[in-house]
Protein chains: 2
Amino acid sequence: MTTIYDLAKKTGISKSTISRVVSGNGYVSSQKRKIILDAMHEMNYIPNQVAKNLRSKHTKNIGFLVNDYYPLVGELVNSFTQIASQYGYNVNLYFTKTSENEIHTLNLLTTKTLDAVFIALRINSWDTIGSYAKFGPIATWQRVKHPHIYSNFIDHYPIYYRILEHLDKQGYKHIGHVLSEYRNGNTQARVRAIKNFIQKHPDSKQSYQFYHGQNGVGEFAAMRWLQDKNHPQVMMAFTDYVAAEFIATLKKNGVKVPEECLVIGSDNGEIARLMDFPTIDLCFRNQMHNGFIYLYNQLNSADLPFESQNPRWVDAD
Amino acid sequence: MTTIYDLAKKTGISKSTISRVVSGNGYVSSQKRKIILDAMHEMNYIPNQVAKNLRSKHTKNIGFLVNDYYPLVGELVNSFTQIASQYGYNVNLYFTKTSENEIHTLNLLTTKTLDAVFIALRINSWDTIGSYAKFGPIATWQRVKHPHIYSNFIDHYPIYYRILEHLDKQGYKHIGHVLSEYRNGNTQARVRAIKNFIQKHPDSKQSYQFYHGQNGVGEFAAMRWLQDKNHPQVMMAFTDYVAAEFIATLKKNGVKVPEECLVIGSDNGEIARLMDFPTIDLCFRNQMHNGFIYLYNQLNSADLPFESQNPRWVDAD
DNA sequence: TTGAAAGCGCTAACAA
DNA sequence: TTGTTAGCGCTTTCAA
């Protein structure tokens, strides 16, 4: 591997001058520059990024942390990585799995193995996570208010309430909700929307359940629906994948969807389009984009503008 | 940030001794070890990985390269990352997009920003890619025979041929194939299977088309199917996602699936399970696993065993 | 406009 | 068992 030192030896020019042309900082006469450039080509020089990292104390690596894999994660990390690479950042993907491991990954901030971190789904408390913000910026799309964590969250309340009204007008008087863990800020927003809705519409029936994790949730909820003689006419799921699993389970048991049960997802992921069920676009793509922009702005004292985030109902065609 | 130097100053013990207890290499008396450990705790010491990287000339980073995003990529990178993290490796995700950018990413091998590289989907020729193998091991799941690139590919020929026979016995005499780009080794294997099958079964009709990329392919192929008066009774797609899109498009146009057209995917991804269509399990999970194992073995002169890879037909239930 | 020298934080050969 | 020293490859003062 060619180093800057080899170049110096070969050309008889000092390391510092070479460094100047490589990095593009500082003055170098055009004769010397040419000699150096030629030598770089000839010797196939590629600057050692690791050495740069040690000096500059940053790596242009951003960690993308999720507790576990579920289908939306692919789309999430895709959106995030696309924009990151446009700005010259690498994305390191971590499935944290356990709370110790999440801490371990967060620790990579301390030595700038990671310049910054995006939390897609967390394990530890936000306070614990936030305590790492002194080592590098932290962003999330989750609903949090924390002094040291940036969140470009979407408030699910208004869109959720609006959908309930919409369904009510269409004559759906019994609605079921598959909700995520209660500690989740937007789960609470949804519960508030449901409760307020019931107050205004006492003739309407709303039933809801909370679930941890995502694997098998749709199937489990569907089994409950099947067993329940008095099941809802509409089911709303907290993510498309759960809706998809719900639908699949119902269909396997001979239930006609949406005729016998309308199922509505959240996220507007690929799967909703493919399986053709209605969903709520909660703008995760823009959220990923903006999450990165925040991180970038922090890291580079820049002021790149954010994209707007407008959740909307996406009906099946 | 606490460094080994701070620790030395604080305890009055030399940097090297400290390094020994931090890294766990070499002898240190238990008294000194205790003093150091205490100081480490007290000062909240975390070793600087970047400095280690510069010394050791490796980073425990493995690059996962794909040309672009499509739904299976999430599952691919998930399988790969899971096993990688078990062995202490980080995974850097790159959507290469252009050939220059793929080269640029491959260049990260030269300075060990990346220790090794896994190619999920490539852009440049295998020869070009293989020329980087001198800087670090390269693996892929694609079908290649190249002296410097490890490939744990599955031969699609036998399973594909077997499925054609199976379908034939079931009375399907007209089968359509949606195939990937022709330069792909397994596309060619599939074509061979089809051609040989026709020879043995002259009463059978097989029609096939090649497609570049993946976005919109399923929809496009479905439109052709719809326009074709004499359309196949079965369609085989080169990946589940394309099958899913094909099915979705057919259904939107009022075609009953599988009654009017049986659609068969490839990969056995999540979407096949959810949409409940038959598919071929080509063991990508094991392929990702084994791809990593190869890289690990190369990097660490180890000899970890591979998992077996047995493709099989997965019928819808 | 250029070069010498110091240093980023860590490890390892060598000497003690 | 421990410390001294050199050095990984690069950048950046500082002085010339």
Side-chain angles (χ1 to χ4, degrees), chain A residues 1-37 39-40 43-61 88 107-115 135-136, chain B residues 1-37 39-40 43-61 88 107-115 135-136:
Chain A
M1 206 199 64
T2 311
T3 72
I4 224 167
Y5 174 78
D6 300 324
L7 252 21
K9 208 166 48 181
K10 163 141 187 151
T11 60
I13 300 171
S14 80
K15 287 193 300 172
S16 8
T17 306
I18 312 242
S19 170
R20 286 187 191 101
V21 356
V22 171
S23 64
N25 297 145
Y27 305 102
V28 178
S29 67
S30 54
Q31 315 102 313
K32 293 222 172 183
R33 159 165 283 121
K34 185 175 172 352
I35 298 174
I36 294 171
L37 252 18
M40 279 169 56
M43 303 184 72
N44 227 289
Y45 172 72
I46 290 155
N48 185 321
Q49 188 59 46
V50 180
K52 280 188 179 172
N53 292 345
L54 179 60
R55 275 243 36 169
S56 65
K57 296 181 176 301
H58 61 244
T59 51
K60 296 228 162 195
N61 285 159
N107 265 328
L108 299 175
L109 281 174
T110 59
T111 58
K112 292 296 174 191
T113 297
L114 259 26
D115 288 351
F135 303 114
Chain B
M1 206 199 63
T2 313
T3 73
I4 225 167
Y5 174 78
D6 300 325
L7 252 20
K9 208 165 49 180
K10 163 140 187 150
T11 60
I13 300 172
S14 81
K15 286 195 299 173
S16 18
T17 306
I18 312 232
S19 170
R20 286 186 194 102
V21 357
V22 171
S23 64
N25 297 145
Y27 305 103
V28 179
S29 67
S30 54
Q31 315 101 317
K32 293 223 172 181
R33 160 165 281 121
K34 184 173 174 355
I35 297 174
I36 294 170
L37 252 17
M40 278 169 58
M43 302 184 74
N44 227 290
Y45 172 73
I46 290 155
N48 184 322
Q49 188 59 45
V50 181
K52 281 188 179 174
N53 292 345
L54 179 60
R55 275 242 35 173
S56 64
K57 295 180 177 302
H58 61 244
T59 50
K60 297 229 159 193
N61 285 161
N107 265 328
L108 298 176
L109 280 175
T110 61
T111 58
K112 293 298 173 188
T113 297
L114 258 26
D115 288 351
F135 303 115

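Below, chain A is the first sequence line, B the second, and so on; all start at residue 1.
One interatomic measurement links the two molecules: CE of B:Met43 to P of C:dG9, which rounds to 13 Å at whole-angstrom precision. With rounding to whole Å, A:Leu54 atom CG is found 4 Å from C:dC8 atom C1'. Atom-to-atom, CD1 of A:Ile46 to P of D:dC10 comes out at 11 Å; the value is rounded to the nearest Å. We find that CD of A:Gln49 is positioned 19 Å from P of D:dC8, with the value rounded to whole Å. Distance A:Gln31 CD to C:dT1 P: 10 Å, rounded to the nearest Å. Whole-Å rounding puts the B:Ile36 CD1 to D:dT1 C1' distance at 12 Å. We find that NE2 of A:His58 is positioned 15 Å from P of C:dG9, with the value rounded to whole Å. Atom NZ in A:Lys9 sits about 17 Å away from atom P in C:dG3, given to the nearest Å.
Of the candidate nucleotides C:dC10, C:dG3, D:dC10, C:dG3 has the atom nearest to the side chain of A:Ile13. Comparing C:dC8, D:dC10, D:dG3 by their nearest atom to the side chain of B:Ser14 picks out D:dG3. With D:dG9, D:dT2, C:dT2 as the candidates, the nucleotide lying closest to the side chain of B:Arg20 is D:dT2. With D:dG9, C:dG3, C:dC10 as the candidates, the nucleotide lying closest to the side chain of B:Lys15 is C:dC10.
Within 4.0 Å of A:Val28, counting heavy atoms only, lie sugar-phosphate atoms of the nucleic acid but no base atom. Residue B:Lys57 is in sugar-phosphate contact alone, with no base atom involved, counting any heavy-atom pair closer than 4.0 Å across all strands shown.
Side-chain atoms of B:Ser16 come within donor-acceptor range of the base of D:dT4, with a qualifying N/O pair under 3.5 Å. For B:Ser19 against C:dA12, no side-chain N or O and base N or O form a donor-acceptor pair under 3.5 Å.
Look at A:Tyr45 and you'll find a side-chain N or O under 4.0 angstrom from OP1 or OP2 of D:dC10. Put simply, B:Lys52 has no side-chain N or O that comes within less than 4.0 Å of OP1 or OP2 on C:dC8.
A:Tyr45 pairs with exactly one of A:Asp6, A:Leu37, A:Val22, A:Ile18 by the side chain to side chain contact (heavy atoms under 4.5 Å, CB included) rule, that one being A:Val22.
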Item checked: Residues A:Lys52, A:Gln49; criterion side-chain contact (heavy atoms from CB on, under 4.5 Å); working and verdict -> CA-CA 5 Å; A:Lys52 280 188 179 172; A:Gln49 188 59 46; 4.0 Å; yes
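Atom CG of residue B:Asp115 and atom OG1 of residue B:Thr59 lie 4.0 Å apart, to the nearest 0.5 angstrom.
Sequence order on DNA chain D of the closest nucleotides to A:Tyr5 and B:Ser29 puts B:Ser29 first from the 5' end. Nearer the 5' end of DNA chain D, as judged by each residue's closest nucleotide, is the contact made by B:Gly12, out of B:Gly12 and A:Thr3.
Inter-residue side-chain proximity for B:Ile46 and B:Thr2 is flagged as unmet; no heavy-atom pair is nearer than 4.5 Å.
Contact detail for A:Ser14 and A:Ala8: the closest heavy-atom pair is C-CB, 4.3 Å.
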